[in-house]
Amino acid sequence: MQNVSYKIKKRESKVVIPKNPGFGQHFTDHVFEMDYNEKEGWHNCSIKPLDTLSFHPATMFIHYGQSAFEGMKAFRTVSNEIVLFRPDRHFNRLNASSRRLCMPQIDVNFAVEVLKELVAIDKDWVPYSEEESLYIRPFIFGIDPVLGVKPSATYKFIILLSPVGAYYPEGFKPVKILVQDEYVRAIRKGLGECKTPANYAASLLATEAAKKLGYTQVLWLDAVELKYIEEVGTMNIFVTLKDEVVTPKLTGGILRGITRASVLELLKEWGINHSERLISIDEAFEAHDKNALKGIFGTGTAAVISSVGILKYKNKEIRINDMQPGELDVRLFNEITSIQRGKIPDRHGWLVPVEAKVTV
Ligand SMILES: *Cc1c(COP(=O)(O)O)cnc(C)c1O
């Protein structure tokens, strides 16, 4: 797809970022939006004031779930520059999700360019506080007003921006996780690798049940044998064994996390022995019994690193590292957030500056 031009229609407003923005509850003034049909490809591209959408009741994505999304962030650095974290990777992953769901591809360079422009226009919405950031939600969905299971012929792509608060308002606190062996999230060769609504709908019942029991999240096992560790809620998982850091290999049932990829690059750079392989829940519990389990942590855009303090599987509950964040967890968290905030050089080329004149 070649680059298309886009229109800009701005709304004047007085930006007030709420004190504790939380997650996904407040939105900026503008969105980027474009439409797709077979004849014109992507067209109607524009940055415009955020408004409600209106759809026919037969609109396809509502009934058959043809939809995919991304979640990434923009940060304000210590020198007051606004940067995006690995946006090309996120748009490439959106394209991978779209391919699996028979939806059209977007031009990644074009998407990064319009995202920069959109964030520049709404730059006053990028929080100044160190723990806060601007969450970016690009998404695509089929909009034919037709009932019947087949790929939609028309689509909409939107980028929505939301200022979000500190993930750890009370500091870096390990979470309680329940290993789920009654329900599965996704299956190999199914939609496990896609960021698509179906996977999140599939996770709700088990997650709500875990929360009622006092756990923060669910650890999913593989859908075939209910034996191998897959991932946690909206995070990939790493198990720190005595002499090896293990993360489940990408079998098709797991989301290809970009934080996961960044952590793997750092482990390699730091010369820490690590592998992407199958790891069973029994192996993790046996390692704990042998005093060889040093830590477990999740990785994802929202939290960056989240240490697991308690893990429950069947009738056994283990305390990991005495409920303290692991040494490696803290090192990774500090490294990644320091890069994102421009406190240390971006030696991997993860940041994309939003080239706007930022005025204080
Ligand atoms: C988004 C997501 C992740 C984390 O991916 P990042 O690219 O690191 O944010 C992991 N698992 C699931 C199911 C997700 O939706």
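Counting starts at 1 for both ligands and their atoms, in listed order. Excluded from the calculations below are hydrogen atoms, water molecules and symmetry mates; all remaining heavy atoms, backbone and side chain alike, are included. Numbering of residues begins at 1 and proceeds along the displayed sequence.
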May I ask you to list the atoms of ligand 1 that are less than 4.0 angstrom from any heavy atom of Arg185? 13 (C)

In the protein, which heavy atom is nearest to atom 15 (O) of ligand 1, and how far is it? Tyr200 OH, 2.4 Å

Looking only at protein heavy atoms, what sits closest to atom 8 (O) of ligand 1 is Thr259 OG1, 2.6 Å

Specify whether Phe285 and Tyr313 have parallel, tilted or perpendicular ring planes, treating 30° as the upper limit for parallel and 60° as the lower limit for perpendicular. tilted

Intermediate values then yes/no, side chain to side chain contact (heavy atoms under 4.5 Å, CB included), Phe75 and Leu134: CA-CA 6 Å; Phe75 301 92; Leu134 185 73; over 6 Å; no

Quick one: which ligand 1 atoms are inside 4.0 Å of a heavy atom on Gly257? 5 (O), 6 (P), 7 (O), 8 (O)

Under 4.0 Å from any heavy atom of Met235, which atoms of ligand 1 are there? 10 (C), 11 (N)

Nearest protein heavy atom with distance in Å, relative to atom 3 (C) of ligand 1: Thr234 O, 3.2 Å

Taking the six-membered ring for Trp, are Tyr6 and Phe32 parallel (under 30°), tilted (30 to 60°) or perpendicular (over 60°)? perpendicular

Report the member of Glu231, Lys195, Arg89, Glu230 with the shortest heavy-atom distance to atom 10 (C) of ligand 1. Glu231

Cation-pi geometry met for Arg331 and Trp270 (6.0 Å, 45°): yes

Exercise: identify the closest heavy-atom pair between Ala287 and Leu241: CB-CD2, 3.6 Å

Please check if atom CD in Glu317 has more than 12 non-hydrogen atoms from other residues, nucleotides or ligands closer than 6.0 Å. yes

Output the list of atoms in ligand 1 that are nearer than 4.0 Å to some heavy atom of Arg93, sorted by atom number. 5 (O), 6 (P), 7 (O)

Heavy-atom distances under 4.0 Å are what count here, so tell me which part of Met72 touches ligand 1: side chain, backbone, both or neither. neither

Atoms of ligand 1, numbered as shown, that sit under 4.0 Å from any heavy atom of Gly233: 13 (C)

Residue Gly300 vicinity, atoms of ligand 1 by number, heavy atom under 4.0 Å: 4 (C), 8 (O), 9 (O)

One thing to verify: whether Arg93 and Glu70 come together as a salt bridge, which I'm taking to mean a side-chain N less than 4.0 angstrom from a carboxylate O. yes

Closest approach of Phe85 and His90, non-hydrogen atoms and distance? O-CD2, 3.7 Å

Whether the side chain of Asp346 engages the backbone of Ile339 through a donor-acceptor N/O pair (distance < 3.5 Å, no angle test) should be reported. no

Contact (N/O only, under 3.5 Å) between Ile258 and ligand 1: yes

Examine the proximity of ligand 1 to Arg256 and report which part, side chain or backbone, both or neither, has a heavy atom under 4.0 Å away. neither

So which bit of Thr301 gets within less than 4.0 Å of ligand 1, heavy atoms only: side chain, backbone, both or neither? both

